[in-house]
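Okay, so here's the structure we're looking at.
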Amino acid sequence: IQIVLTSRKAAHAYLFSGPEGVGKKTSALAFVEALFCSATDGCGRCPSCRKIAACSHPDLHIIEPDGQFIKIDQVRDLQRELSLRPYEAPRKAAIIDGADRLHPSAGNALLKTIEEPPGNALLILLATTGEKVLPTIRSRCQQLLFNGIPQEKIHAFLTGRGIPADTALIASSLADGSISRALSLCDEDIMADRGVIINAACNLSSRNMQNFFGFGELFDKERDKSTHAVDLLLSFWRDMLLFQHGSQHFVNNDLLPLIENESVRRQSKKLLNDIEYMEHIRHALLRNANVRLAMDMLAFKIAA
């Protein structure tokens, strides 16, 4: 990007891919800010830079999924905006946040804009996984891969903000390289409920339907709370698997007696199957699946 800013020759389309919360959107905004800046390469003080920071610049357009997908009407609205002359900036720019969630019809419509962008419009596509973006779109973009932040750096960042070391360890191990995800996992309510959630999951049994239905009620159909709960269960199930294979490096060190007791009565194959299904449920929750149904299905899988 620095080479682009120095030469002032930007490509017409970029694809930034990497885990959630590693700075893709922040980088995209900074890139546009530098290209639009009326002073230097993104001074942060001029009217243009301030408008971009507030996402209120008339020549910057940002679209995100409406529900599960980015829909064709959103792409058509964007195409109309890009066809107009810039109001203030030297060009129009668009950030498409969730390019891996373009509806197929929306993706095909966007392809025409990427192939023949109006004027010198700039498009920046953001995706958690570049491989899930339509190959025809991906091949027409300059691609930049954003790597996750190492766990030890996230842990140091969290403890530097005064977060207790045990909480920081759990959050950094579950963050998947994302500072924002780690910070959300440090929420006091989430950590306070950790033991309740893990114990409730461990006590699930197909012979006790009361526990089964009570598990879903813990989350009040709240998407964020349910997603974080799945993260916590993933960490505990992995700890059980590590214990079975002789490791002593656990995330949930404070729950070691429970790890020992629960891992003894579970087969490694079942733990692996549960972990795989938890990953599936987590992705489903992020894709706007019905929260209560997803958590009930997870309870059924664990109890089976």
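All values derive from a computational prediction rather than experimental measurement.
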Minimal non-hydrogen separation, [X] against [Y], with atom names:
X	Y	value
A168	H155	C-CD2, 3.6 Å
I70	G98	CD1-O, 3.4 Å
A182	L158	CB-CD1, 4.0 Å
I281	A294	CD1-O, 3.6 Å
I275	L234	O-CD2, 3.7 Å
L82	A121	CD2-CB, 4.3 Å

Side-chain donor/acceptor of [X] to backbone N/O of [Y], under 3.5 Å:
X	Y	value
R138	V133	yes
K301	M278	no
Q244	S263	yes
S247	H249	yes
H280	E276	no
R223	L285	yes

Approximate separation, where rounding is to 0.5 Å, of [X] [atom1] and [Y] [atom2]:
X	Y	atom1	atom2	answer
E222	H228	CD	NE2	10.5 Å
I163	L183	CD1	CG	6.0 Å
S27	K25	OG	NZ	12.5 Å
L110	I137	CG	CD1	4.5 Å
I63	D73	CD1	CG	11.5 Å
S172	I154	OG	CD1	6.5 Å

According to side chain to side chain donor-acceptor pair (under 3.5 Å), who are the partners of T136, at least two apart in sequence or on a separate chain?
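For T136, no residue satisfies side chain to side chain donor-acceptor pair (under 3.5 Å) once neighbours in sequence are set aside.
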F31 vs Y14 aromatic rings, parallel, tilted or perpendicular, using cut-offs 30° and 60°?
perpendicular
In terms of ring plane angle, is the pair F215 and F219 parallel, tilted or perpendicular, where the classes change at 30° and 60°?
perpendicular
Pairs flagged by side chain to side chain donor-acceptor pair (under 3.5 Å) wherever residues 233-242 is involved - sequence neighbours left out
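Passing the test, one end in residues 233-242: S235-N252, W237-D274, R238-E279, D239-N252.
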Residues that Q79 engages under side-chain contact (heavy atoms from CB on, under 4.5 Å), provided they are two or more places apart
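Listed in chain order: V75, R76, A109, T113.
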Is the positively charged end of K24 above the ring of F146, judged by distance under 6.0 angstrom from the centroid and angle within 45° of the axis?
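No - K24 does not lie over the ring of F146 by the 6.0 Å and 45° rule.
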Within one Ile-Leu-Val-Met-Phe-Trp-Tyr cluster: [X] and [Y], side-chain cutoff 4.5 Å:
X	Y	answer
I52	L122	yes
I302	M297	yes
V251	F236	yes
L78	F36	no
F69	I96	no

More than 12 heavy atoms of other groups within 6.0 Å of F300 CZ:
no
Surrounding CZ of R85 (heavy atoms of other residues, nucleotides or ligands, distance under 6.0 Å), is the total greater than 12?
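Atom CZ in R85 is not crowded, with 12 or fewer foreign heavy atoms closer than 6.0 Å.
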Is there a side-chain contact between [X] and [Y], using heavy atoms and a 4.5 Å cut-off?
X	Y	answer
D59	R91	no
P117	K92	no
H57	V32	no
L60	L29	yes
S48	E88	no
N147	V22	no

Quick test of your reading: applying salt bridge (Lys or Arg N to Asp or Glu O under 4.0 Å), list the pairs with at least one residue in residues 147-172, sequence neighbours left out, ordered by first then second residue.
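Not a single pair qualifies under salt bridge (Lys or Arg N to Asp or Glu O under 4.0 Å).
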Kindly determine whether F250 and L255 satisfy side-chain contact (heavy atoms from CB on, under 4.5 Å), including the steps that lead there.
CA-CA 9 Å; F250 308 119; L255 299 178; over 6 Å; no
Give the table of side-chain donor-acceptor pairs shorter than 3.5 Å for residues 99-107, with sequence neighbours excluded, one pair per line with atom names and distance.
from	atom 1	to	atom 2	distance (Å)
D100	OD2	T128	N	3.2
D100	OD2	T128	OG1	2.7
R101	NE	Q68	O	3.2
R101	NH2	G67	O	3.0
R101	NH2	Q68	O	3.3
H103	ND1	S105	N	3.2
H103	ND1	S105	OG	2.9

Sequence neighbours left out, what pairs pass ring-ring contact (aromatic ring centres under 6.0 Å, His included) with at least one residue falling in residues 74-97?
none
Going by the side-chain contact (heavy atoms from CB on, under 4.5 Å) test, name the single residue among L111, L15, L123 that passes it with R140.
L111
Take S17 and T129, measure what side-chain contact (heavy atoms from CB on, under 4.5 Å) needs, and give me the verdict at the end.
CA-CA 6 Å; S17 60; T129 307; over 6 Å; no
Could you go through the side-chain contact (heavy atoms from CB on, under 4.5 Å) check for R292 and E217 one step at a time?
CA-CA 8 Å; R292 182 59 190 266; E217 293 174 359; 3.6 Å; yes
Let me see the working for H12 and N120 under side-chain contact (heavy atoms from CB on, under 4.5 Å), right down to the final yes or no.
CA-CA 7 Å; H12 64 277; N120 59 347; over 6 Å; no
